[in-house]
Amino acid sequence: MKHLSGLDATFLHLETPEMPMHVGSLNVLDLPKGYAGDFYEDAKKFMASRIHLADVFTRKLALMPFDMTNPVWVEDNDIDLDYHVRHITLPKPGTNRQLQQYVARLHSSLIDRSRPMWEFYIIDGLKSGQVALYTKVHHAGIDGQAGVEVGKAIFDLEPTGRVVKPPRSRPRGNNYQLGMAELATAALRNTAQQYVKLFKMAPAIARAISGIARPDEKAAEKDAAAAPKKFNLFAPRTSLNVSITNQRTFAGRTISLAETKYIAKHFGVSLNDVVLATVSGALRHYLADNNELPAKPLVAGVPVSLREAGDDTANNQASMILVSLASDITDPVQRLKAINASSTSSKSTMNRFKAVILDDFPTFAAPWLVSGIASMVGRSGIVNLLPPAANVAISNVAGAPFPMYFAGALVTCYYPVSIASHGTALNVTVQSYNGRMDYGLIACRRAVPDITEIGDYMLAEHKLLMELTQKHPAVAGAAPAPVPPKTVAEPSDEAEAETEAKPAAAARKNPAARKKAPVKVAAKKAAAKAPVKAAAKVAAKAPAKTAARKAASKAPARKAAPAKRSSSASPRAAAA
């Protein structure tokens, strides 16, 4: 048996029907050429040969008597793969928006705590001919970086896969759950160890607190210079900061990783700063649409990993910092620099006491109390009255920079699906994968019914930042970088465009059918890609600066913001 740390168990205690605490991902897969088998059955066999590679697949919870302290992980010797790996067929026409909506619905339901806390869904019926893989795992078992390690167990670098040694045979136990006396003894022993650990760390914690009260003068001057001038103790209240229901809405968007790095280098900021600025610009437009953009800057809650290099333990090792999104600044470049100043200051403060942040702490007699408070806070509506600490949660996870395969099928995208919480109805999580930045937006459907608009505004904000690199000189000392050839297209866009092009061609022959043919969708996509491809050809023949000038001179004028549209009509609403 293995005890959950205080931080791991917190995700269990805070969970309510309105606020499920699991994380997941949406991958769209290209089946092997000429494939004619049953991919669901193949995926189930594939997982049967891999589940022993990661503890999260084979362990379940054993709850303590009277829920007096944190539960423990125990091995489950009877894994029901038919339950954990499931099959869904989308109704026709099988659009990407339908896929997203189904994922949102699946993400709203709680995971069964009597089994290992994970579920995989194989989803077919997409009109592109692709297959989707949606996964969800309880946050009590993994954080973002641990999730990447779990991915290494189920994904391969080649379509043929790799040879995996079968698990060693172990004697099968007869007990479905541990005895009460055994659990109680383990609980008391673990609680005593936690108090001893806390006592040993007390001097280091005291030094860290005194260091914050009396900081080093040089560090204080540096933080003061970097800190934004407008940062408040609490975030302004918006429609995003309310009590949530269990209903979810989801949208996925893709931005080029190379372009994001180029923007970061050009303006002398970090990659994560560009991510924050992209979301900030999108939220400015979204809130301004309803005349609710606050005068004070929005604030993002940004997770910070405490994990040491090489640590692949399947648990949570993270804390959180608050970063100003500088949404009160109109100019995108100045906003980006203000975000950089805020994040630099917050990270500096975090680093000064990072070593003494506890991820394991005594919780004797606390679980039932925490669970009761969490349920009361969510249902009482008190969240709607209290000032929020953060307006939105934004997380950035570094993923694989190369293509991966699942059961022989190519993984084309890696959209994260995270957690919306009371007071923070919108969560934006980004994962890099094979030259892409895959943004996953998850929210309470009642608080954010038009989440696809935020996704569209993000694409527009990224495009604007790229255009501004041509108008603003690079910061001194920034390494020169060529303009990337094009923004990464959404998965299956080409397949859908080809499908839509056929009725469009028929419409040209038959004028009466033109109104029914979706010509505009394909035309918009072609128009959006044309100037970028032209810039790429120029960049291939000339130095980076010359190519940038020519591309900028040929680029069409930017629109102020993308027009409002319904989620069903958005051609960029693709999750894959």
Side-chain angles (χ1 to χ4, degrees), residues 1-15 19-27 47 50-62 70-76 79 84-85 103 106-107 109-121 133-155 301-320 357-360 393-400 404 406 411 414-421 427-433 438 440 442:
M1 87 177 57
K2 181 180 179 181
H3 286 272
L4 277 76
S5 70
L7 181 58
D8 291 342
T10 299
F11 291 103
L12 286 174
H13 306 328
L14 291 178
E15 185 172 62
M19 193 169 69
M21 300 299 286
H22 47 253
V23 292
S25 64
L26 172 62
N27 310 109
M47 286 302 301
R50 298 294 180 96
I51 59 174
H52 64 284
L53 298 180
D55 292 341
V56 70
F57 297 128
T58 59
R59 65 188 185 185
K60 65 181 180 180
L61 290 174
N70 296 336
V72 294
W73 293 116
V74 296
E75 284 295 314
D76 189 346
I79 307 296
H84 289 283
V85 184
V103 166
L106 293 172
H107 205 67
S109 59
L110 296 172
I111 294 180
D112 185 355
R113 294 192 180 187
S114 68
R115 305 171 185 263
M117 300 177 73
W118 63 277
E119 296 172 7
F120 279 24
Y121 293 82
L133 167 67
Y134 163 67
T135 68
K136 69 177 180 181
V137 181
H138 203 282
H139 211 332
I142 59 172
D143 60 10
Q145 284 303 122
V148 173
E149 296 302 323
V150 171
K152 293 180 181 178
I154 63 173
F155 294 123
V302 181
V304 176
S305 177
L306 304 177
R307 192 177 295 271
E308 297 292 336
D311 185 352
D312 58 357
T313 309
N315 65 355
N316 289 275
Q317 299 181 43
S319 184
M320 180 172 288
I357 295 178
L358 295 175
D359 57 13
D360 191 16
I394 304 176
S395 182
N396 185 8
V397 180
M404 299 186 298
F406 175 82
V411 177
Y414 209 125
Y415 291 105
V417 190
S418 195
I419 298 172
S421 59
N427 181 302
V428 181
T429 302
V430 190
Q431 178 145 344
S432 60
Y433 168 66
D438 286 338
I442 188 79

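We count residues from 1, following the sequence as given.
Atom CG of Asp112 and atom NZ of Lys60 lie 10.0 Å apart (nearest 0.5 Å). Separating the CD1 atom in Ile51 from the OG1 atom in Thr58 is a distance of 7.0 Å, to the nearest 0.5 Å. The line from CD1 of Ile394 to OG of Ser418 is 12.0 Å long, rounded to the nearest 0.5 Å. With values rounded to the nearest 0.5 angstrom, Phe120 atom CZ is found 4.0 Å from Ile154 atom CD1. Note that NE2 of His84 is 5.5 Å distant from CD1 of Ile79, once rounded to the nearest 0.5 Å. Between the CG atom in Asp8 and the NE2 atom in His13 there is a gap of 10.0 Å [rounded to 0.5 Å].
Arg113 and Leu12 get closest at one heavy-atom pair: NH2-O, 3.0 Å. Across all their heavy atoms, Met19 and Leu14 have their closest contact at CE-O, 3.2 Å. When all heavy atoms are compared, the tightest approach of Phe11 to His138 is O-CE1, 3.7 Å. The two residues Pro416 and Thr429 have their closest heavy-atom pair at CG-O, 3.3 Å. Here the shortest heavy-atom pairing between Leu106 and Ser109 reads O-OG, 3.1 Å. Between Pro116 and Val56, the shortest heavy-atom distance links the atoms CB-O, 4.3 Å.
Taking Tyr134 as the reference, His107 meet the side chain to side chain donor-acceptor pair (under 3.5 Å) condition, with sequence neighbours excluded. Evaluation of the ring pair (Phe, Tyr, Trp, His ring centres under 6.0 Å) rule for Tyr433 yields no partner, not counting sequence neighbours. When the side chain to side chain contact (heavy atoms under 4.5 Å, CB included) test is applied to Ile419, the partners found at least two apart in sequence or on another chain are Met21, Val23, His139. Applying the side chain to side chain donor-acceptor pair (under 3.5 Å) criterion to His22, with sequence neighbours excluded, gives no partner residue. Scored by the side chain to side chain donor-acceptor pair (under 3.5 Å) test, Ser395 finds no partners at all (sequence neighbours excluded). Contacts of Ser432 classified as side chain to side chain donor-acceptor pair (under 3.5 Å), with partners at least two apart in sequence or in another chain: none.
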Report the C-alpha distance between Leu61 and Trp73 in whole Å, list the side-chain angles of each, state the deciding distance to 0.1 Å, and finish with yes or no for side-chain contact (heavy atoms from CB on, under 4.5 Å). CA-CA 5 Å; Leu61 290 174; Trp73 293 116; 3.6 Å; yes

Is there a side-chain contact (heavy atoms from CB on, under 4.5 Å) between Val150 and Val137? Walk through the geometry before answering. CA-CA 10 Å; Val150 171; Val137 181; 5.8 Å; no

Decide side-chain contact (heavy atoms from CB on, under 4.5 Å) for Trp118 and Arg59; before the verdict, give the C-alpha distance in whole Å, the side-chain angles of both, and the deciding distance to 0.1 Å. CA-CA 10 Å; Trp118 63 277; Arg59 65 188 185 185; over 6 Å; no

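Looking at Phe155 and Arg50, their side chains never come closer than 4.5 Å, going by heavy atoms from C-beta outward. At a threshold of 4.5 Å between non-hydrogen side-chain atoms, the residues Tyr415 and Val103 do not count as touching. Using a 4.5 Å heavy-atom threshold, the side chains of Val417 and Lys136 count as separate.
Using modelled atom types, one side-chain atom of Asp438 and one backbone atom of Tyr414 make a donor-acceptor pair closer than 3.5 Å.
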